[in-house]
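Worksheet for the structure shown next.
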Amino acid sequence: MNTSKNEDWAYGWYCLRAKPKQENVAARTLATLKEVEVFLPKTVRARKKNAPPAQALFPGYFFARFDPIAHLRSVQYSRGVAYVVRRKEKPVSVPPALMDELRTITNDGLLEIKDRPHKVGDEVSVIAGIFKGGFGKVKRLLPARERVKVLLEFLGRETEVEINEDSLDFPSTHAMEAG
């Protein structure tokens with residue numbers, strides 16, 4: 001009996017690899033295709049005014065629900081898509097329960113990442129203000145004023161600077177531990 005290699009391919013969720021830094025482009029392009037649903041989960045920092053914009057939860061990867069027999073070619077060659085993840089030439093389907101869980105832990109596709117409690121000695125990066133781009137260590141927390149004393153290297157020497165908490169990027173919990 002000669003069976004087609006496509007006989008067990010079915011409508012469902014599949015993992016796609018985007019071209020470098022093109023997850024958003026690929027997701028938007030695929031969303032314009034009929035009968036293709038796209039899910040690009042992202043992370044966003046909690047309560048940070050100057051935080052970087054939402055970023056892909058799985059950098060370089062996203063998900064699409066489609067029928068690979070009918071739409072594999074149009075999905076594969078869409079703008080921003082590098083390839084459909086495969087194993088032995090067959091697109092790897094993502095279990096519906098996993099997709100349901102991802103949708104449950106995200107709010108409209110966004111997973112809010114909370115900062116760990118700040119502590120003296122934490123390494124931080126400055127994301128706003130005159131010291132933007134600088135790195136330093138927390139020397140003292142001033143919670144009543146939501147400010148932090150940070151030891152920064154400035155003009156060739158270490159200097160203690162008081163910076164607004166919203167202008168600092170503190171270490172985060174791992175995205176999958178947030179909740």
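- If you chain together hydrophobic residues whose side chains sit under 4.5 Å apart, Val25 and Tyr83 never meet in one group.
- Within the 4.5 Å cutoff, no side-chain heavy atoms of Leu152 are placed close to those of Glu158.
- Surrounding CZ of Arg103 are more than 12 heavy atoms belonging to other residues, nucleotides or ligands, all under 6.0 Å away.
- When all heavy atoms of Leu40 and Tyr61 are compared, the closest pair comes out as CD1-O, 3.9 Å.
- The line from CZ of Phe39 to CG of Leu57 is 8.5 Å long, rounded to the nearest 0.5 Å.
- Scanning all heavy atoms of the two residues, the minimum distance from Phe131 to Val126 falls at O-CB, 3.3 Å.
- Between Pro91 and Leu72, the closest side-chain pair of non-hydrogen atoms falls below 4.5 Å.
- Residues Glu37 and Phe66 are not in side-chain contact: their nearest non-hydrogen atoms beyond the backbone lie 4.5 Å or more apart.
- For the atom pair Phe62 CZ and Leu30 CG, the distance stands at 5.0 Å (nearest 0.5 Å).
- Residues Val38 and Thr29 form no side-chain contact, since every pair of their non-hydrogen atoms from C-beta on lies 4.5 Å or further apart.
- Other residues, nucleotides and ligands contribute more than 12 heavy atoms inside 6.0 Å of the CD atom of Glu160.
- Put simply, CD on Glu23 and CZ on Arg17 are 8.0 Å apart, with the number rounded to the nearest 0.5 Å.
- To the nearest 0.5 Å, atom NZ of residue Lys132 and atom OG of residue Ser125 are 11.0 Å apart.
- With a 6.0 Å cutoff to the six-membered ring centre and a 45° limit on the axis angle, Arg65 does not count as a cation-pi contact of Tyr14.
- The two residues Gln76 and Val81 come nearest to each other via the heavy atoms O-CG1, 3.7 Å.
- With values rounded to the nearest 0.5 angstrom, Cys15 atom SG is found 9.0 Å from Met99 atom CE.
- Taken from CG in Leu33 to OG in Ser74, the straight-line distance is 5.0 Å, to the nearest 0.5 Å.
- Residues Leu98 and Val94 come closest through the heavy atom pair CD2-CG1, 3.7 Å.
- Counting only heavy atoms from C-beta outward, the side chains of Phe63 and Pro41 approach each other to under 4.5 Å.
- Using a 4.5 Å cut-off between side-chain heavy atoms of Ile, Leu, Val, Met, Phe, Trp and Tyr, with links allowed through other members, Ile69 and Val75 fall into the same hydrophobic cluster.
- Residues Lys42 and Gln55 fail the side-chain proximity criterion, which asks for heavy atoms closer than 4.5 Å.
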